[in-house]
Amino acid sequence: MEANTDTAQLDRMFQALADGQRRAMVDRLSRGPASVKELAYPTSMALPSALKHLAVLESAGLVLSEKVGRVRTFRIQSAALADIENWVTTRKLNLNSAFDRLDAAMAAFPEEQS
Amino acid sequence: MTHHSTFTIERRLAGSAAHGFSFWAQPELKRRWSSCHPDWRELEYHMDFRVGGGEISRMVTPDGVEHDVISQYQDIEVGRRIVYAYRMIVDGQAASASLATVEFADTSSGSLMTYTEQVALLTGAQSASALQFGTETGFERLVLEIERDLVLSH
């Protein structure tokens with residue numbers, strides 16, 4: 001079960017970061033907290049779609065939001081990123097990259113040659 | 001408190017199980033895919049593929065952090081399975097100790113490789129996570145890594 005949960009979380013993270021506009025938001029938030037307006041403005045994105053993108057990032061565990069008065073502020077989930085679980089996530093990413101290279105190396109050196 | 005995790009990665013490979021196995025067993029073939037940091041400086045590399053033998057890799061990142069991976073083979077079934085124990089040391093601190101099992105099975109179109117790792121995360125993982133993710137550049141690296149992974153998997 002634990003592995004499935006990890007996979008689902010990883011899927012959400014991959015999907016969240018598969019979008020260029022969302023990556024730009026993550027990039028912006030990695031420099032410091034920002035409001036929806038501040039996040040939407042540089043890409044002239046409409047506020048509702050900015051919120052939609054931020055919701056995706058939030059469910060992927062990449063950003064956190066907090067409402068103070070009428071302003072919702074988003075920030076990078078640095079606690080989560082420093083969290084020990086991410087060590088495992090990073091290891092899985094690294095292993096998957098390594099296995100991509102393995103696949104490529106096997107194709108470059110077919111059976112009869114090895 | 002020690003944190004444990006178990007995860008599995010399954011990959012379909014274009015070649016046979018025996019061929020996939022050889023890319024883990026032969027040092028010159030293994031090195032074609034296992035090292036991925038062209039900007040890291042290698043201090044030591046050694047591989048001795050037999051039960052009781054192991055693999056040692058000591059590397060330094062451009063900002064001077066040493067990453068060591070020290071493995072010992074526990075069980076080898078030629079063409080089918082490799083079980084090894086390994087520990088990762090980052091900046092002189094033990095970050096993790098794992099038992100990894102790699103299994104190879106022929107399929108109609110090639111083979112299926114199943115990698116299972118049981119990991120105990122140690123003190124060093126916390127500080128290593130902070131090292132990797134604590135900075136903006138660290139996070140950008142993670143995003144790049146994920147992007148690269150997405151590109152390769154499509």
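Given the structure is predicted, the values throughout are model-derived calculations rather than measurements.
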Hydrophobic cluster identity match, [X] and [Y], side-chain contacts under 4.5 Å:
X      : Y      : result
B:Y84  : B:I56  : no
B:Y115 : B:L112 : no
B:V51  : B:I82  : yes
A:V26  : A:L54  : yes
B:V90  : B:I70  : no

Side chain, backbone, both or neither: which part of [X] has an atom under 4.5 Å from a heavy atom of chain A?
X      : result
B:S98  : side chain
B:I9   : side chain
B:E117 : side chain

Next item on the list: Pick one of side chain, backbone, both or neither for A:A107, based on which atoms fall under 4.5 Å of a heavy atom in chain B.
Entry: neither

What closest approach, in Å, do [X] and [Y] show between heavy atoms, and which atom pair accounts for it?
X      : Y     : answer
B:S96  : A:R91 : OG-NH2, 2.6 Å
A:F109 : B:H19 : O-NE2, 2.7 Å
A:R101 : B:S34 : NH2-O, 3.9 Å
A:E111 : B:A18 : OE2-CB, 4.4 Å
A:A105 : B:R32 : CB-CB, 4.1 Å

Checklist line | SB check A:D103 B:R12 (cutoff 4.0 Å) | finding: no

Notebook entry, point to check: Is the count of non-hydrogen atoms from other residues, nucleotides or ligands lying under 6.0 Å from A:R72 atom CZ greater than 12?
Noted result: yes

Note to self: Counting only heavy atoms not in A:E66 (residues, nucleotides, ligands), do more than 12 fall under 6.0 Å from its CD?
What the structure shows: no

Next item on the list: Give the ring-plane orientation class for A:F99 versus B:W33, where under 30° counts as parallel, over 60° as perpendicular and anything between as tilted.
Entry: tilted

Next item on the list: For the residue pair B:R11 and A:L102, establish whether any side-chain heavy-atom pair is separated by less than 4.5 Å.
Entry: no

